[in-house]
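Below is one structure, written out as structure tokens, with a few remarks after it.
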Protein chains: 2
Amino acid sequence: MHSFTEENYLKVIFHLFQVQKMPVQTNAIAGKLNTRAASVTDMLKKLADKKLINYIRYQGVTLTEQGKSTAIQIIRRHRLWEVFLVEKLNFGWDEVHDIAEELEHVGYQPLIERLDKFLGYPKRDPHGDLIPDSSGEFEIAVQTGLLELPENTRAIIIGVTEHSSPYLKHLEKLGLTIGESLLIEGITSYDGTLELNCAGKKISISRKVAQHILVSTKNQ
Amino acid sequence: MHSFTEENYLKVIFHLFQVQKMPVQTNAIAGKLNTRAASVTDMLKKLADKKLINYIRYQGVTLTEQGKSTAIQIIRRHRLWEVFLVEKLNFGWDEVHDIAEELEHVGYQPLIERLDKFLGYPKRDPHGDLIPDSSGEFEIAVQTGLLELPENTRAIIIGVTEHSSPYLKHLEKLGLTIGESLLIEGITSYDGTLELNCAGKKISISRKVAQHILVSTKNQ
DNA sequence: TTTTAATTTTAGATAAATCTAAAAAAAATT
DNA sequence: AATTTTTTTTAGATTTATCTAAAATTAAAA
């Protein structure tokens, strides 16, 4: 199997590629992993030798099919453990990321399959992120960023792209949690502040806060 | 916190000391951890520097109070995860050791306390081993080795001291599982084979098998 | 009690993952 | 197009946990 560290690199490369849709740069990886560019270069060579990434000097990296499927399995583990921690052990959605970060590296396939079954084959984790199935397939997501919608649209919060505890606590205080339905009552022309109505309550949120909220306008 | 490796050393030293009741030798540790005596010596120095063990060259080691309490916490984690794997994920009692061996190193205190609560504060793991409580106390055990009992004694199986899959599978096939009540009908004088009656069925087991079975003659 | 055997420790090497500092390549500016 | 800036890579060290081989110590046997 792959080392703890290799797994973290693959996961980070996968995430960055999903956001940028272009080869991932050394510096970006170093930033995410709190390490130095030189260390990243060393590891990239190793991952390339193992055929987990496509790596050309100075050109950034992409995951090979093998690397991608490994990364997806790690993400699957992470998200299933998050569901377990919230649903079964009653942790808050802002507390589970770091714990899952450790549990995700316990890589014994039957453990994950049984955990999945025990949890009732959940589709999404507590932050609304999709959980890949055992063959690594994601359900097709019909989701939009909250900022992309016009005034007077009704939508359901299905996820967040920022998982830090302060951010999640803030959302929770505002009552903006996964599954909540909201109406965009207005968008302030001066600074773009969003005026929302959620569960009958009027809420204003800045673009900085709205930026990380994913919504669906279907199935309401 | 302590590294994965340090934790494994502490756990092994604790176990060996429990069995031998005397300072643990370098070679014994090396044997249990599948490593070499020289590597063990290196690590012992490190653990001694951290005040987790009492170490005098050539004299073997014992755990300090701090080392002991760390070891007990790791054992607590291991046994709670084993309960989870058997009770919640329906693994067999012979399958859980290696998985728990990995999970036990996820060391975030609230995780373990909540897991304990979720499992209903179990007293023993699937092999009958006592689970220390959060302050590191073991319940006082009233247990005897099956071999120490005379003919015509009635007892309940409360644990096993050998956790290998082949051994546990064998016991399961014989119907000798934790909680079962048994009667020692006879002890063959030639080779000491035990003639048992368990749940109305007659079973013969060798001393080699009986040697790892712990029983209680109380609370029947 | 000397000799032999077993155990333990040192000395010196290796592999994994990291680092700093400097060189090389690519991208952005003038 | 030449220069500056940014990014990435190499070179060489460091740390952690391991190893082999040889030396030191202790225990057992003759």
Side-chain angles (χ1 to χ4, degrees), chain A residues 1-13 15-17 19-63 67 70-71 74 101-102 104-105 107, chain B residues 1-13 16-17 19-63 67 70-71 74 101-102 104-107:
Chain A
M1 263 310 284
H2 311 107
S3 76
F4 195 100
T5 314
E6 286 168 358
E7 290 195 350
N8 281 330
Y9 271 85
L10 292 176
K11 204 179 48 166
V12 162
I13 294 167
H15 280 305
L16 289 170
F17 186 78
V19 173
Q20 310 172 349
K21 276 141 196 197
M22 50 188 311
V24 177
Q25 292 177 295
T26 305
N27 259 351
I29 298 170
K32 281 270 178 192
L33 288 171
N34 274 316
T35 184
R36 301 312 167 100
S39 312
V40 174
T41 301
D42 290 341
M43 181 56 81
L44 293 183
K45 284 183 195 156
K46 194 177 155 191
L47 293 173
D49 283 347
K50 292 195 173 188
K51 307 228 184 297
L52 294 165
I53 60 172
N54 305 113
Y55 172 56
I56 310 166
R57 280 159 82 249
Y58 295 103
Q59 304 300 136
V61 294
T62 56
L63 293 174
T70 304
I74 300 161
E101 201 80 356
E102 293 198 51
E104 75 189 8
H105 298 290
Chain B
M1 264 311 283
H2 312 107
S3 78
F4 193 100
T5 314
E6 287 167 356
E7 290 194 350
N8 281 331
Y9 272 85
L10 291 176
K11 204 179 48 166
V12 163
I13 294 167
L16 289 171
F17 185 78
V19 173
Q20 311 172 348
K21 276 141 195 192
M22 49 185 319
V24 178
Q25 292 176 295
T26 306
N27 259 353
I29 299 170
K32 281 271 178 192
L33 288 170
N34 274 314
T35 186
R36 301 313 168 101
S39 313
V40 174
T41 301
D42 289 342
M43 181 57 81
L44 293 183
K45 283 182 196 156
K46 196 176 155 191
L47 293 173
D49 283 348
K50 292 193 175 192
K51 309 224 182 300
L52 293 164
I53 60 172
N54 304 113
Y55 171 55
I56 308 167
R57 281 156 85 248
Y58 296 102
Q59 305 299 139
V61 295
T62 56
L63 293 174
T70 304
I74 299 160
E101 201 80 355
E102 292 198 50
E104 75 190 10
H105 298 290
V106 177

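Only a predicted model underlies this, so the values are computations on that prediction, with no experimental measurement involved. Chain identifiers are assigned alphabetically (A, B, ...) following the order of the sequence lines, protein sequences preceding nucleic acid strands; residue numbering begins at 1 within each chain. Computation of the quantities below employed the complete heavy-atom set of this structure, encompassing side-chain atoms and omitting hydrogens, waters and symmetry-equivalent molecules.
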To the nearest angstrom, the OH-P distance between Tyr58(B) and dA24(D) comes to 9 Å
d(Thr26(B) OG1, Gln59(B) CD) to nearest 0.5 Å is 10.5 Å
Under 4.0 Å: is that the gap between some side-chain N or O of Ser39(A) and OP1 or OP2 of dT18(C)? no
d(Leu10(A) CG, Thr5(A) OG1) to nearest 0.5 Å is 11.0 Å
When rounded to whole Å, the CG to C1' distance for the pair Asp42(A) and dT8(D) reads 12 Å
message = Could you check whether any side-chain heavy atom of Arg36(A) comes within less than 4.5 Å of a side-chain heavy atom of Asp42(A), counting everything from C-beta outward?
response = no
- Task: Please state whether the phosphate of dA16(C), meaning OP1 or OP2, lies under 4.0 angstrom from any side-chain nitrogen or oxygen of Tyr9(A).
- Result: no
May I ask you to say what Thr26(A) touches in the nucleic acid, namely base, sugar-phosphate or nothing, with a heavy-atom cut-off under 4.0 Å?
-> sugar-phosphate
Check your understanding: How is Thr5(A) classified with respect to the nucleic acid when contacts are heavy atoms under 4.0 Å: base, sugar-phosphate, or nothing?
Key -> sugar-phosphate
Rounded to whole Å, the NZ-P distance (Lys45(B) to dT8(C)) equals 14 Å
Check the phosphate of dT7(C) against Gln25(B), side-chain N and O only, distance under 4.0 Å to OP1 or OP2. Yes or no? no
d(Glu6(A) CD, Thr70(A) OG1) to nearest 0.5 Å is 10.0 Å
> Above 12 or not: heavy atoms from other molecules or residues under 6.0 Å from NZ of Lys50(A)?
Replying inline: yes
Are OP1 or OP2 of dT20(D) and a side-chain N or O of Arg36(B) less than 4.0 angstrom apart?
-> yes
Phosphate OP1/OP2 of dC19(D) contacted by Thr35(B) side-chain N/O (<4.0 Å):
yes
Exercise for review: Would you tell me if any nitrogen or oxygen in the side chain of Tyr55(A) comes within less than 4.0 Å of OP1 or OP2 on dT9(D)?
Suggested key: yes
Report which part of the nucleic acid Phe4(A) touches: base, sugar-phosphate, or nothing (heavy-atom distance under 4.0 Å, all strands). nothing
message = Does dT6(D) have OP1 or OP2 under 4.0 Å away from a side-chain N or O of Asn27(A)?
response = no
Separation of dT8(D) atom C1' from Ile53(A) atom CD1, nearest Å, is 14 Å
Leu33(A) CG to dC19(C) P, in whole Å, measures 10 Å
Gln59(A) atom CD is separated from dA24(C) atom P, nearest whole Å, by 18 Å
DNA chain C nearest-nucleotide lookup for Val40(A) and Arg57(A): closer to the 5′ end is Val40(A)
Leu47(A) CG to dA16(C) C1', in whole Å, measures 13 Å
Rounded to whole Å, the CD-C1' distance (Glu6(A) to dT18(C)) equals 14 Å
Picking from dA26(C), dA21(D), dT8(C), the nucleotide nearest the side-chain atoms of Thr41(B) would be dT8(C)
